[in-house]
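Worksheet for the structure shown next.
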Amino acid sequence: MVRKTKEEAAATRLQLLDAAERLFSEKGVSHTSLHEIALAAGLTRGAIYWHFEDKGDLLKAMWERVALPIHDAICSSNTNKLDPLTLIRSKVCWMADHIEEDPRIFALMNIVMLRCEFTDETRSARDHFLHERETCQRHLLADFDTAIATGALPPHTNAEHAMQGIFGLVDGICFHWLIQPQAFCIRQVTHSSVDCFLAGLQRSR
């Protein structure tokens, strides 16, 4: 009986997350109430407050559903012994390689980049996302430091600027693709743009 209750609670939580994902994508976070999410999930208002404190809590839970593969891709160590630039390329292109085929990753990025106005109600989610982003940036900065130390990039390369630049590049491509996905292939554009960016760093000797 206890196990069944836990399974039912987990199923209810997933129903609410799926409903929130759908409504946030359609209407935006600020224009969707928790009551509407409960109704869309076929549940009571009390059910959503049992599982989630507010919209910020919901957004964090949506992130956690897709966070593990993203975190592993960006923050993983070089277990395959790739050269530093190949490792950097594979990490920063990971999102573009998976966003089209994974509807949850697509939904999350669409909500965070286009459908979410961070307010007091969603401040906790914003702080959580920024923490995750900073963690990824630290790992990527270490990869650039390695590329400089091993001679894959010129010794005068500013690792911090390179890391921020490549993050801005892939974020910008993702943003424009989400606005109009049919306009271009995000995978092809991201790979070619990242190759150009890294090649420019290599030539700046």
Checklist line | Same cluster (ILVMFWY, side-chain, under 4.5 Å), Tyr49 and Phe52 | finding: yes
Next item on the list: Sequence neighbours left out, what passes side-chain contact (heavy atoms from CB on, under 4.5 Å) with Val194? Give chain and number order.
Entry: Arg89, Val92, Cys93, Ile166, Leu169, Val170, Thr190, Leu198
Notebook entry, point to check: Is there a side-chain contact between Lys55 and Ile37, using heavy atoms and a 4.5 Å cut-off?
Noted result: no
Checklist line | Side chain proximity check, Met163 to Arg138, heavy atoms < 4.5 angstrom | finding: no
Next item on the list: Mind checking the CD-CG spacing from Glu21 to Leu16? Nearest 0.5 Å is all I need.
Entry: 12.5 Å
Note to self: Would you say that Asp171 contacts Arg133 through its side chain, given a criterion of any heavy-atom pair below 4.5 Å between the two side chains?
What the structure shows: yes
Item checked: Partner set under salt bridge (Lys or Arg N to Asp or Glu O under 4.0 Å) for Arg104, not counting sequence neighbours -> Asp18
Next item on the list: Let me know which of Leu59, Leu58, Leu23 forms a side-chain contact (heavy atoms from CB on, under 4.5 Å) with Val29.
Entry: Leu59
Margin query: Quick check: closest heavy atoms across Ser30 and Glu117, and the distance to 0.1 Å?
Written below: OG-OE1, 2.7 Å
Checklist line | For Ser124 against Asp54, the heavy-atom pair lying closest together | finding: OG-OD1, 4.5 Å
Next item on the list: Give a yes-or-no answer on whether the side chains of His191 and Asp97 include a donor-acceptor pair shorter than 3.5 Å.
Entry: yes
Check: For Glu36, does its backbone N or O pair with a side-chain atom of Ser33 as donor and acceptor, under 3.5 Å?
Finding: yes
Next item on the list: Drop me the distance from Leu178's CG to Leu114's CG, to the nearest 0.5 angstrom.
Entry: 5.0 Å
Note to self: Between Ile99 and Trp177, is the side chain to side chain contact (heavy atoms under 4.5 Å, CB included) condition met? List the steps.
What the structure shows: CA-CA 11 Å; Ile99 194 170; Trp177 180 79; 3.8 Å; yes
Checklist line | Sidechain-backbone polar pair: Arg115 side chain, Ser25 backbone, donor-acceptor under 3.5 Å | finding: yes
Item checked: Residue pair Leu17 / Ala61: nearest heavy atoms and the distance that separates them -> CD2-CB, 3.7 Å
Margin query: Do Phe118 and Leu130 sit in one hydrophobic cluster, given that two such residues count as connected whenever their side-chain heavy atoms are within less than 4.5 Å of each other, even indirectly?
Written below: no
Check: Linking I/L/V/M/F/W/Y whenever any side-chain heavy atoms sit under 4.5 Å apart, do Leu141 and Ile148 land together?
Finding: yes
Next item on the list: Working to the nearest 0.5 Å, report the span between CG of Asn110 and SG of Cys116.
Entry: 11.0 Å
Note to self: Taking atom CZ as the centre, does Arg187 end up with more than 12 heavy-atom neighbours from other residues, nucleotides or ligands that are less than 6.0 angstrom away?
What the structure shows: yes
Check: Do you see a donor-acceptor pair shorter than 3.5 Å between the side chains of Gln15 and His51?
Finding: no
Next item on the list: Starting at CD1 of Ile88, measure out to CG of Asp83 and round the result to the nearest 0.5 Å.
Entry: 9.0 Å
Check: Given side chains that start at C-beta, do those of Val189 and His176 come closer than 4.5 Å, heavy atoms only?
Finding: no
Next item on the list: Check whether Phe184 and Met109 end up in the same hydrophobic cluster, where Ile, Leu, Val, Met, Phe, Trp and Tyr are linked by side-chain heavy atoms less than 4.5 Å apart.
Entry: yes
Note to self: Does this structure show an ion pair linking Lys60 with Glu132, if we count only N-O contacts that are shorter than 4.0 Å?
What the structure shows: no
Note to self: Show the nearest heavy-atom pair for residues Ala47 and Leu43, with the distance to one decimal.
What the structure shows: CB-CB, 4.0 Å
Check: Has Glu53 got more than 12 heavy atoms of other residues, nucleotides or ligands less than 6.0 Å from its CD?
Finding: no
Margin query: Within the 4.5 Å heavy-atom criterion, are Thr157 and Phe144 side-chain neighbours or not?
Written below: no
Item checked: Sidechain-backbone polar pair: Lys91 side chain, Cys136 backbone, donor-acceptor under 3.5 Å -> no
Checklist line | Separation of Thr12 OG1 from Ile48 CD1 (nearest 0.5 Å) | finding: 11.5 Å
Margin query: Minimum heavy-atom separation for Ala19 and Ala40, please, with both atom names.
Written below: CB-CB, 4.1 Å
Margin query: Hydrophobic cluster membership, with links at side-chain heavy-atom distances under 4.5 Å among I/L/V/M/F/W/Y: are Ile186 and Ile179 in one?
Written below: yes
Check: What pair of heavy atoms forms the shortest contact from Thr150 to Ala147, and how long is it?
Finding: OG1-O, 3.3 Å
Check: Can you tell me how far OG1 of Thr135 sits from CG of Leu140, rounded to the nearest 0.5 angstrom?
Finding: 12.5 Å
Next item on the list: Output all residues satisfying side chain to side chain donor-acceptor pair (under 3.5 Å) with Gln188, sequence neighbours left out; order by chain, then residue number.
Entry: none
